[in-house]
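Heads up: the structure comes next, in structure tokens.
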Protein chains: 2
Amino acid sequence: MSATTGPKLSRRERLRAETTREITAIALRQMAAEGPGAISLRGIAREMGMTARAIYSYFPTRDDLVTALVAEVSASLADALERARDAAPATDPGARLLAWGLALREWALANPEGFRLVYGDPVPGYEAPAGGPAAEAARRVCCGLNRLVAEACAAGRTTSTNAANNANDAGNAEGFDWSDFPASYLDKIRADVDDLSPSVVALALRVWGRLHGLVTLEIYGHLGAVSTDPAALYRAEMLDLVGSLRSAPA
Amino acid sequence: MSATTGPKLSRRERLRAETTREITAIALRQMAAEGPGAISLRGIAREMGMTARAIYSYFPTRDDLVTALVAEVSASLADALERARDAAPATDPGARLLAWGLALREWALANPEGFRLVYGDPVPGYEAPAGGPAAEAARRVCCGLNRLVAEACAAGRTTSTNAANNANDAGNAEGFDWSDFPASYLDKIRADVDDLSPSVVALALRVWGRLHGLVTLEIYGHLGAVSTDPAALYRAEMLDLVGSLRSAPA
DNA sequence: TAGAAATAGGAAACGCCGTGTACTTTTGCG
DNA sequence: CGCAAAAGTACACGGCGTTTCCTATTTCTA
């Protein structure tokens with residue numbers, strides 16, 4: 001996302017950028033190998049043949065490094081999800097949602113430590129900064145899902161003829177209000193989808209919870225003792241979910 | 001769970017048990033205050049006016065201490081869930097399941113660090129031991145939910161007269177098999193509920209995922225940017241869930 | 001009841017960690 | 001070329017889990 005931002009970089013700046021990339025690359029490798037908690041400035045410096053203190057020219061504190069890693073990893077997740085979604089036919093919202101959801105689990109299984117970094121305790125005492133590239137990537141995920149859910153709902157509404165008799169299926173008996181969601185989030189969504197209702201926004205978040213729940217349980221090892229085929233479990237959940245969206249709230 | 005196991009304790013053993021309790025109590029307090037990552041043998045020893053080395057007579061390594069904490073905290077969670085369930089009328093499976101699910105979120109909000117300890121990365125590089133009291137408490141949670149789901153399904157089957165036309169709602173089109181679940185887990189469940197089918201076991205796990213997902217997102221702060229009322233979101237999810245269980249798989 | 005064995009606990013050290021201060025080397029520009 | 005700025009080093013501080021060695025105290029036994 002940067003290679004084309006102009007060649008007006010002095011030699012120093014180029015070296016600096018390269019060193020920065022090397023630091024994050026080593027950190028990501030250490031994380032993938034030993035978990036997010038194993039990320040250490042000293043370890044990175046050792047591997048680079050530098051003093052630990054040298055890292056501080058690039059990241060003033062370890063949390064800043066972690067922040068950069070979170071941003072990078074969550075952007076890669078968002079990329080993977082959007083790629084999977086776009087691989088499905090644009091005319092079939094259900095298939096797109098299905099692909100998105102399956103890709104979420106597959107990405108998590110392929111990058112379990114990355115998943116822990118983004119969605120778990122990144123590191124003993126880390127507090128994520130409010131705005132920033134990490135938050136932006138998180139919103140990409142959330143808004144992307146919202147759009148898919150909205151599209152699936154809309155498609156269900158136009159094709160399904162018996163939408164009346166099971167209108168209570170999707171659990172929208174509870175009325176949601178625009179005030180149930182931060183304006184900043186709604187603005188972001190509206191950039192993607194016009195036909196929006198509070199119920200759909202709430203539904204998308206609930207869908208997110210369903211996917212996130214099974215993935216989290218699996219990644220953190222809580223499914224191992226109770227299921228021998230988490231993939232089937234996840235797939236069943238996704239099929240149920242996509243199916244139920246055809247009878248969706250207005 | 002121990003006060004009645006016989007008074008044949010020597011003075012040494014009594015002191016030892018008391019010190020052990022004091023250690024875990026301080027560790028729990030430290031965890032509640034600063035998070036699971038802040039649990040430190042040295043900190044506990046300092047607070048007890050002892051040398052760090054002294055702790056090693058009680059817990060040979062820090063991970064053993066963490067294991068004990070996980071066991072204690074997850075047992076307290078299981079207690080809370082069973083208490084909430086039993087506060088609802090035994091004749092109304094839906095209400096019992098609802099109470100259980102709401103209690104899960106409430107417990108997590110009241111003990112966020114405990115939730116992280118049990119379901120997240122307990123501590124930088126911690127690996128949970130296979131069998132043990134912690135696993136037992138985890139199974140109490142899982143089996144308890146399974147029983148509730150099974151009961152709710154059974155109730156739905158007997159009362160609902162129009163179960164035929166929405167038989168595909170619960171997403172049980174995918175056939176689950178007994179081999180999809182470890183025998184040890186099935187044995188545990190069968191101790192609680194007789195009328196069992198693979199579909200119901202799978203459904204219970206999916207329900208677990210739904211609840212766990214929203215709670216996890218909220219506890220880890222990922223819902224803050226997208227919802228101003230997570231409680232309403234969770235409640236809607238639970239109501240939808242309980243409602244959909246009335247048209248359940250056989 | 002006296003002595004032996006087991007045990008709790010203290011002192012100090014090792015090697016990690018993040019971070020701060022002070023100093024030296026390298027680098028690129030005028 | 002000369003010199004300021006940037007990059008990097010050396011060292012120190014306090015905290016961490018863990019180990020080794022040693023000393024009291026308590027408990028069991030002859």
Side-chain angles (χ1 to χ4, degrees), chain A residues 7-24 26-27 30-31 33-70 117 121-129, chain B residues 7-24 26-27 30-31 33-70 117 121-129:
Chain A
K8 46 188 66 171
L9 288 171
S10 74
R11 166 179 159 76
R12 256 237 260 278
E13 290 169 309
R14 261 185 296 119
L15 286 180
R16 186 180 178 79
E18 187 162 338
T19 305
T20 305
R21 260 195 302 276
E22 187 181 353
I23 292 174
T24 58
I26 293 179
Q30 285 190 350
M31 184 196 71
E34 309 274 351
I39 301 171
S40 89
L41 296 188
R42 286 186 122 103
I44 295 168
R46 210 180 306 122
E47 193 162 335
M48 293 178 67
M50 290 188 356
T51 311
R53 186 61 183 77
I55 311 276
Y56 282 74
S57 315
Y58 300 88
F59 297 96
T61 186
R62 195 187 57 153
D63 283 12
D64 293 293
L65 171 58
V66 170
T67 299
L69 296 180
V70 170
L117 180 73
D121 287 313
V123 99
Y126 174 79
E127 204 71 27
Chain B
K8 47 189 65 169
L9 289 171
S10 73
R11 167 179 158 75
R12 252 235 263 276
E13 290 169 307
R14 259 185 298 117
L15 287 180
R16 186 179 180 81
E18 187 162 340
T19 305
T20 305
R21 261 194 302 276
E22 187 181 353
I23 291 174
T24 59
I26 293 179
Q30 285 190 351
M31 184 196 70
E34 310 273 352
I39 301 171
S40 90
L41 296 188
R42 286 185 119 104
I44 296 168
R46 210 179 307 122
E47 192 163 334
M48 293 178 67
M50 291 188 352
T51 312
R53 174 62 183 82
I55 310 277
Y56 282 75
S57 314
Y58 299 88
F59 298 96
T61 185
R62 195 187 57 152
D63 284 11
D64 293 292
L65 171 58
V66 170
T67 299
L69 296 181
V70 170
L117 180 74
D121 287 314
V123 100
Y126 173 79
E127 205 72 25

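Note on naming: letters A, B, ... go to the chains in the order of the sequence lines (proteins, then strands), and numbering restarts at 1 for each one.
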Requested in this report: Between dA10(D), dA11(C), dG18(C), spot the one nearest the side chain of Leu41(A), thanks.
Outcome: dG18(C)
Query raised in the report: When rounded to the nearest 0.5 angstrom, what is the spacing between CE in Met50(B) and CD1 in Ile44(B)?
Result: 9.5 Å
Query - CD (Glu34(B)) with more than 12 external heavy atoms under 6.0 Å - result: no
Query raised in the report: Roughly how many Å is it from CZ in Arg42(B) to P in dC14(C), rounded to a whole number?
Result: 13 Å
Query raised in the report: Is there a side-chain contact between Thr67(B) and Tyr126(B), using heavy atoms and a 4.5 Å cut-off?
Result: yes
Query raised in the report: With a 4.0 Å cut-off on heavy atoms, is Arg62(A) in touch with a base, just the backbone sugar-phosphate, or nothing at all?
Result: sugar-phosphate
Query raised in the report: For dT26(C), does OP1 or OP2 lie under 4.0 Å from any side-chain N or O of Arg16(A)?
Result: no
**Report entry** Of Leu65(A), Leu69(A), Leu41(A), the residue whose pairing with Ile23(A) passes side-chain contact (heavy atoms from CB on, under 4.5 Å)
**Finding:** Leu65(A)
Report task. Please report the C-alpha distance between Phe59(B) and Val66(B) in whole Å, then the side-chain angles of each, then the deciding distance to 0.1 Å, and finally whether the side-chain contact (heavy atoms from CB on, under 4.5 Å) criterion is met. Result -> CA-CA 9 Å; Phe59(B) 298 96; Val66(B) 170; over 6 Å; no
Report each atom pair, protein N/O against N/O of nucleotides 23-30 of chain D, whose distance is under 3.5 angstrom.
| from | atom 1 | to | atom 2 | distance (Å) |
| --- | --- | --- | --- | --- |
| dT27(D) | OP1 | Arg12(B) | N | 3.1 |

**Report entry** Distance in angstrom units between Glu18(A) CD and dA7(D) P, rounded
**Finding:** 14 Å
Query raised in the report: For the pair made of CG in Leu65(A) and P in dC17(C), what is the distance, rounded to whole Å?
Result: 14 Å
Query raised in the report: Has the side chain of Ser40(A) got a donor or acceptor atom that lies under 3.5 Å from a matching backbone atom of Gly43(A)?
Result: yes
Query raised in the report: What is the distance, rounded to the nearest whole Å, between atom CZ of Phe59(B) and atom P of dA8(C)?
Result: 13 Å
Report task. May I have the distance from Tyr56(A) (atom OH) to dA6(D) (atom P), rounded to whole angstrom? Result -> 20 Å
Query raised in the report: Rounding to a whole Å, what distance do you find between Tyr126(A):OH and dC17(C):C1'?
Result: 19 Å
Report task. Compare the minimum distances between each of dC17(C), dT9(D), dC16(D) and the side chain of Met50(A), then state the nucleotide with the smallest one. Result -> dT9(D)
Query raised in the report: So, Arg16(A) side chain and Ser57(A) main chain: donor-acceptor pair closer than 3.5 Å or not?
Result: yes
Requested in this report: Would you please confirm or rule out a distance under 4.0 Å between OP1 or OP2 of dG8(D) and any side-chain N or O of Tyr58(A)?
Outcome: yes
Report task. Would you mind classifying the nucleic acid contact of Ile39(A) as base, sugar-phosphate or nothing, using non-hydrogen atoms under 4.0 angstrom? Result -> sugar-phosphate
Query raised in the report: Between atom CD in Glu47(A) and atom P in dC17(C), what is the gap in whole Å?
Result: 12 Å
Query raised in the report: Any side-chain N or O of Arg53(A) less than 4.0 Å from the OP1 or OP2 oxygen of dT19(C)?
Result: no
Query raised in the report: Contact class for Ile55(B) vs. all strands (heavy atom < 4.0 Å): base, sugar-phosphate, or nothing?
Result: nothing
Query raised in the report: Between Thr61(A) and Tyr56(A), is any side-chain donor less than 3.5 angstrom from a side-chain acceptor?
Result: no
**Report entry** dC16(D) phosphate, OP1 or OP2, under 4.0 Å from Ser40(B) side-chain N/O
**Finding:** yes
Report task. May I ask you to say what Thr61(A) touches in the nucleic acid, namely base, sugar-phosphate or nothing, with a heavy-atom cut-off under 4.0 Å? Result -> sugar-phosphate
**Report entry** Nearest-Å distance for atom pair CG/C1', residues Asp63(A) and dT19(C)
**Finding:** 12 Å
